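Computed from a predicted structure; not experimentally measured. In what follows, every chain begins at residue 1, and chains take the letters A, B, ... in the order their sequences are listed.
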Amino acid sequence: MFSPEFYLGRADRIARRLLGCVLVRVLGARIVAGRIVETEAYFSTNDPACHAHRGMTERNRVMFEQGGVAYVYFTYGNHYLLNAVTGPKGRPAAVLIRALEPLDELDLMRANRPGRRDLELTSGPGKLTQALAITGKLNGADLTDSPVMIAARNGGEDATRFRVGRSGRIGIREAQDKLARFYIAGNPHVSVRGPRVARAAKHTGKPQWAG
DNA sequence: AGAATGATCCTCT
DNA sequence: GAGGATCATTCTC
């Protein structure tokens with residue numbers, strides 16, 4: 001696991017560094033794992049897309065904790081979304097984990113998402129929480145020592161090089177100029193959706209897809 | 001107290 | 001490509 005200091009830096013830097021790392025979910029005797037292939041950074045109170053941009057509420061309370069804990073919240077009446085809180089205590093920022101590449105205990109993921117093809121198990125922020133049984137009970141959990149953790153990439157087969165793609169955030173209207181979404185270019189498990197991103201790319205005239 | 005909204009997913013066409 | 005599901009949180013009256 002990472003030391004807590006890993007989470008104290010800027011959210012966008014950490015979002016990028018989390019690519020290729022391994023999300024670990026401990027379910028009894030089973031260790032469910034997936035490689036992080038897509039993330040999104042949410043900055044502090046000056047980021048209008050950040051839940052905490054208007055100050056602390058009951059819902060976003062854990063975002064104000066010191067980096068290294070999980071911020072899990074419920075949305076759209078159906079889905080839990082998992083974030084890694086970043087930065088020092090009192091400065092609310094986080095990284096949304098948007099997609100995984102399944103690594104371990106695939107059968108458990110399939111059981112949690114019956115009828116889905118393997119490519120659909122964890123290719124989205126709401127899908128991966130369902131596959132890994134992540135709910136609001138894990139809100140505030142310690143990402144360095146708890147049933148949800150994030151591990152560094154191995155020195156072994158996970159150390160393969162990859163290109164990092166970057167774009168505006170998905171499902172967000174505000175602050176598209178921040179280009180706060182990062183993903184492993186070409187990885188089939190990245191959640192793909194186009195319109196908003198395509199519009200943003202056209203608008204700025206700059207290339208926003210790195211593969 | 002009531003209404004609007006949303007860091008999404010799924011099922012159609 | 002479009003719309004419904006579904007409900008906690010937040011904002012407004």
For a quick test of reading the model: is some side-chain N or O of [X] closer than 4.0 Å to OP1 or OP2 of [N]?
| X | N | answer |
| --- | --- | --- |
| H51(A) | dA7(B) | yes |
| R98(A) | dT8(B) | yes |
| T75(A) | dT8(B) | no |
| R116(A) | dT11(B) | yes |

So, does [X] use its side chain to make a donor-acceptor pair with the main chain of [Y] at under 3.5 Å?
| X | Y | result |
| --- | --- | --- |
| E40(A) | R98(A) | no |
| D12(A) | A41(A) | no |
| N60(A) | G55(A) | yes |

If you check the [X] side chain, which of [options] turns out closest?
| X | options | value |
| --- | --- | --- |
| Q130(A) | dC10(B), dT8(B), dT10(C) | dC10(B) |
| R59(A) | dT10(C), dC9(B), dA7(B) | dT10(C) |
| Y42(A) | dC11(C), dC9(B), dA7(B) | dA7(B) |
| N78(A) | dA5(C), dA7(B), dC10(B) | dA5(C) |

Rounded distance (Å) that lies between atom [atom2] of [N] and atom [atom1] of [X]:
| X | N | atom1 | atom2 | result |
| --- | --- | --- | --- | --- |
| L128(A) | dA7(B) | CG | C1' | 12 Å |
| N60(A) | dA8(C) | CG | C1' | 13 Å |
| H79(A) | dA5(C) | NE2 | C1' | 8 Å |
| Y71(A) | dA7(B) | OH | P | 9 Å |
| L96(A) | dG6(B) | CG | C1' | 13 Å |
| R54(A) | dA7(B) | CZ | P | 13 Å |
| E58(A) | dC7(C) | CD | P | 20 Å |
| L119(A) | dC9(B) | CG | C1' | 16 Å |

* Asked: Using the P atom in both, what is the distance from dG4(C) to dA4(B), to the nearest Å?
  ->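 Nearest-Å result for dG4(C) against dA4(B) at atom P: 16 Å.
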* **Ring-base stacking, Y76(A) with dA5(C) (5.5 Å, 30° cut-offs)** => no
* To do: May I ask which nucleotide in the shown strands pairs with dT6(C), Watson-Crick or G-U wobble, both distances under 3.5 Å?
  =>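 With both distances under 3.5 Å required, dT6(C) matches none.
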* For salt bridge (charged side-chain N to carboxylate O under 4.0 Å, His left out), just list the numbers for D104(A) and R30(A), CA-CA rounded to whole Å, side-chain angles, deciding distance to a tenth of an Å, and then say yes or no. => CA-CA 9 Å; D104(A) 252 329; R30(A) 303 203 170 204; over 6 Å; no
* Asked: Which is true for G77(A) with a 4.0 Å heavy-atom rule: it touches a base, it touches only sugar-phosphate, or it touches nothing?
  -> base
* Asked: Side chains of R91(A) and S44(A): is there a donor and an acceptor less than 3.5 Å apart?
  -> no
